[in-house]
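Below is one structure; the comments refer to it alone.
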2 protein chains.
Amino acid sequence: MIRVVLVDDQQLVRTGFRMVLGAQPDIEIVAEAADGAEAVAALRGIRADVVLMDVRMPRMDGVEATRLILAEPDAPKVLILTTFDLDEYAFAAIRAGASGFLLKDVPPADLLSAIRSVHVGDAVVAPSTTRRLLDLVTAYLPSESRPVGNLNVLTAREREVLLHVARGLSNMEIAAQLHLAEATVKTHLGRILAKLELRDRAQAVVYAYESGLISSRPKG
Amino acid sequence: MIRVVLVDDQQLVRTGFRMVLGAQPDIEIVAEAADGAEAVAALRGIRADVVLMDVRMPRMDGVEATRLILAEPDAPKVLILTTFDLDEYAFAAIRAGASGFLLKDVPPADLLSAIRSVHVGDAVVAPSTTRRLLDLVTAYLPSESRPVGNLNVLTAREREVLLHVARGLSNMEIAAQLHLAEATVKTHLGRILAKLELRDRAQAVVYAYESGLISSRPKG
DNA sequence: GTGGGAATCAGTCCTGAGGCGGACCGGGAT
DNA sequence: ATCCCGGTCCGCCTCAGGACTGATTCCCAC
């Protein structure tokens, strides 16, 4: 028997889920809550396996509630439900340790199999949002280290130019700063790109930060 | 009609898939290949919608093949198949832009729906491995401790594009990674530059680092 | 249902950027 | 003296990048 808790601020939504889940022989609804605070409180008294958690709720949202719930020993799995597509809140919830992510318009059959999946330890992500999730992963997981041509293959003058490029200046602006002709700056930059095996100035900026040539100063 | 290409070094596996897919009225197998090199070569001659790609193969593995295939204009979607669980190779394939990830013991019905899903642009991840994917996300995604600044004037999608710009990718490459047209990427980037009052992508890279959107990690 | 923001894509236009070749100068190494 | 190299400068040519306009779809808010 899978012990489920419903958390949603809309009465109607809870009713809908209750009807779907209530008909299942292996699922039992052990509590309901209208916001995150209620959910956390309710879970202190009972043992549950899976929490169906809305993200946007008054008082305490689903993210914070998820965080608190999962901080407890022997915590249940949390399955996030939202009306909209994958958004900030949903990501935050996943970071908080949620086991999955579904849209509220999920077909009943899918909802049920999702509950059973998270119960056995698997995770579930709505098909339409898996795409975004993968995109995110590729965005943050940089492709493995580049071969990196070394910084000291550059001449002093080239490093100087790179420094300016890495501040976001145009060739013209760099020329003015260094009292050079634009053509000269282009020549230097061309050599820099060739030596470091970079394609364009944008990659040069990335290189400057990643190599430690310059370092970001968090606020100021 | 969905035009599918099978890539696997084991004759037997291809035969199995051929039998499953062959029975479908809306699916057509247009080519088969025994390794990555063959697959790339085969795809040069024909138009395909979905490639079922094994990861571990002789000569050229599925990751490299995926990278090459997706670098072409008008590339098909690539669906990764492995015998084992989510491993290095599979992640590399996802980074290379694959649309999904399944185990070879996937039930035929699931395989078919997966093919149809990726064909329409969605992504698919085997349920048993979604867990790891989420773990990955939580492990690598920076905690919500971002100083942001003006960053929240950007939409989620724009931030995503900025993330890719900040890694030195060209508009074309970003388009491929995010499964968009180059025109769309340019539109997004244009709005990003306008909102953040930046001039070009090089300044966008600077902004990404300085705002803490990404942080340099001079290797560990 | 009407309006508006977000996301998607197309097409045009113009400029900065970057590749390539060539040239001159000064100094250090040979 | 000669040669090489780093720094400087120039022109030519192509193209990716960015500005702008406009259209469509979806979905939410009023």
Side-chain angles (χ1 to χ4, degrees), chain A residues 10 55-56 82-90 103-105 126 128-129 131-132 135-136 152-207, chain B residues 71 73-74 120-122 152-207:
Chain A
Q10 293 181 58
V55 180
R56 307 192 190 201
T82 67
T83 311
F84 315 107
D85 209 350
L86 197 55
D87 56 16
E88 324 289 301
Y89 290 93
L103 300 185
K104 283 188 187 170
D105 63 359
S128 61
T129 60
R131 165 89 281 148
R132 287 282 209 276
D135 289 348
L136 237 280
N152 39 28
V153 304
L154 300 184
T155 68
R157 197 57 160 172
E158 285 162 356
R159 266 195 296 277
E160 206 171 338
V161 170
L162 177 54
L163 224 37
H164 285 76
V165 169
R167 298 220 165 87
L169 302 186
S170 69
N171 290 336
M172 257 310 200
E173 290 166 342
I174 297 172
Q177 288 262 311
L178 298 182
H179 309 285
L180 297 175
E182 189 196 0
T184 307
V185 175
K186 291 176 87 168
T187 302
H188 284 312
L189 180 54
R191 275 201 249 279
I192 292 168
L193 297 181
K195 287 183 181 177
L196 300 181
E197 295 175 57
L198 304 172
R199 182 179 48 204
D200 52 39
R201 66 198 306 107
Q203 292 192 347
V205 177
V206 174
Y207 181 92
Chain B
D74 201 29
V120 301
D122 283 346
N152 30 28
V153 306
L154 300 183
T155 68
R157 197 55 160 169
E158 285 163 356
R159 268 193 296 278
E160 212 170 329
V161 170
L162 177 54
L163 227 32
H164 284 80
V165 170
R167 290 183 42 213
L169 301 187
S170 70
N171 290 336
M172 255 312 197
E173 289 167 342
I174 297 171
Q177 287 265 307
L178 297 183
H179 311 278
L180 296 175
E182 189 195 2
T184 307
V185 176
K186 292 177 96 171
T187 302
H188 284 311
L189 180 54
R191 276 199 246 280
I192 292 169
L193 297 181
K195 286 183 180 176
L196 301 180
E197 297 177 55
L198 303 171
R199 182 178 48 204
D200 52 39
R201 67 200 303 108
Q203 292 192 346
V205 177
V206 174
Y207 182 92

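Note on naming: letters A, B, ... go to the chains in the order of the sequence lines (proteins, then strands), and numbering restarts at 1 for each one. All values derive from a computational prediction rather than experimental measurement.
- Distances from the side chain of B:His188 to the nucleotides C:dT8, D:dG7, D:dG17 place C:dT8 closest.
- In this model, the phosphate group of C:dT8 is approached by a side-chain N or O of B:Arg157 to a distance below 4.0 Å at OP1 or OP2.
- The nearest whole Å value for the distance from the CD atom in A:Glu182 to the P atom in D:dT8 is 15 Å.
- Phosphate proximity of D:dG17 to B:Asn171: present, with a side-chain N or O under 4.0 Å from OP1 or OP2.
- Using a 4.0 Å heavy-atom criterion, one finds that A:Thr187 contacts the bases of the nucleic acid, with or without backbone contacts as well.
- Separating the CE atom of A:Met172 from the C1' atom of D:dC9 is a distance of 14 Å, rounded to the nearest angstrom.
- What separates CG of A:Leu189 from P of D:dT8 is a distance of 14 Å, to the nearest Å.
- Of the residues near DNA chain C, B:Ala183 and B:Glu158, the one whose nearest nucleotide (by heavy atom distance) lies more toward the 5' end is B:Glu158.
- Closest to the A:Leu180 side chain, of the nucleotides D:dC9, D:dG17, C:dA17, is D:dC9.
- Separating the NZ atom of B:Lys195 from the C1' atom of D:dA19 is a distance of 17 Å, rounded to the nearest angstrom.
- A side-chain donor from one of A:Arg131 and B:His179 sits under 3.5 Å from a side-chain acceptor of the other.
- The CD-C1' distance, from A:Gln203 to D:dA16, rounds to 13 Å in whole Å.
- Using a 4.5 Å heavy-atom threshold, the side chains of B:Leu180 and B:Arg157 count as touching.
- Taking atom NZ on B:Lys186 and atom C1' on C:dT15, their separation rounds to 12 Å, with Å as the unit.
- The side chain of B:Arg199 places no N or O atom within less than 4.0 Å of a non-bridging phosphate oxygen (OP1 or OP2) of D:dG18.
- In this entry the distance linking CD1 of A:Ile192 with P of D:dG6 reads 13 Å, nearest Å.
- Between B:Arg199 and A:Glu173 a salt bridge is recorded (basic side-chain N to carboxylate O distance below 4.0 Å).
- In this structure, CD of A:Glu160 is placed 14 Å from C1' of D:dT8, rounded to the nearest angstrom.
- Inter-residue side-chain proximity for A:Val153 and A:Leu196 is flagged as met; some heavy-atom pair is nearer than 4.5 Å.
- When each of C:dA17, C:dG19, D:dG18 is scored by its nearest atom to the side-chain atoms of A:Leu193, the top-ranked nucleotide is C:dG19.
- Considering only heavy atoms from C-beta on, B:Lys195 comes within 4.5 Å of B:Leu154 through its side chain.
- Taking every side-chain heavy atom of A:Arg191 into account, D:dG7 is the closest of D:dG7, C:dG18, C:dA7.
- Nearest to the side-chain atoms of A:Thr155 among the listed nucleotides C:dA17, D:dA19, D:dG7 stands D:dG7.
- Considering only side-chain N and O atoms, B:Thr184 lies nowhere under 4.0 angstrom from the phosphate OP1 or OP2 of C:dA7.
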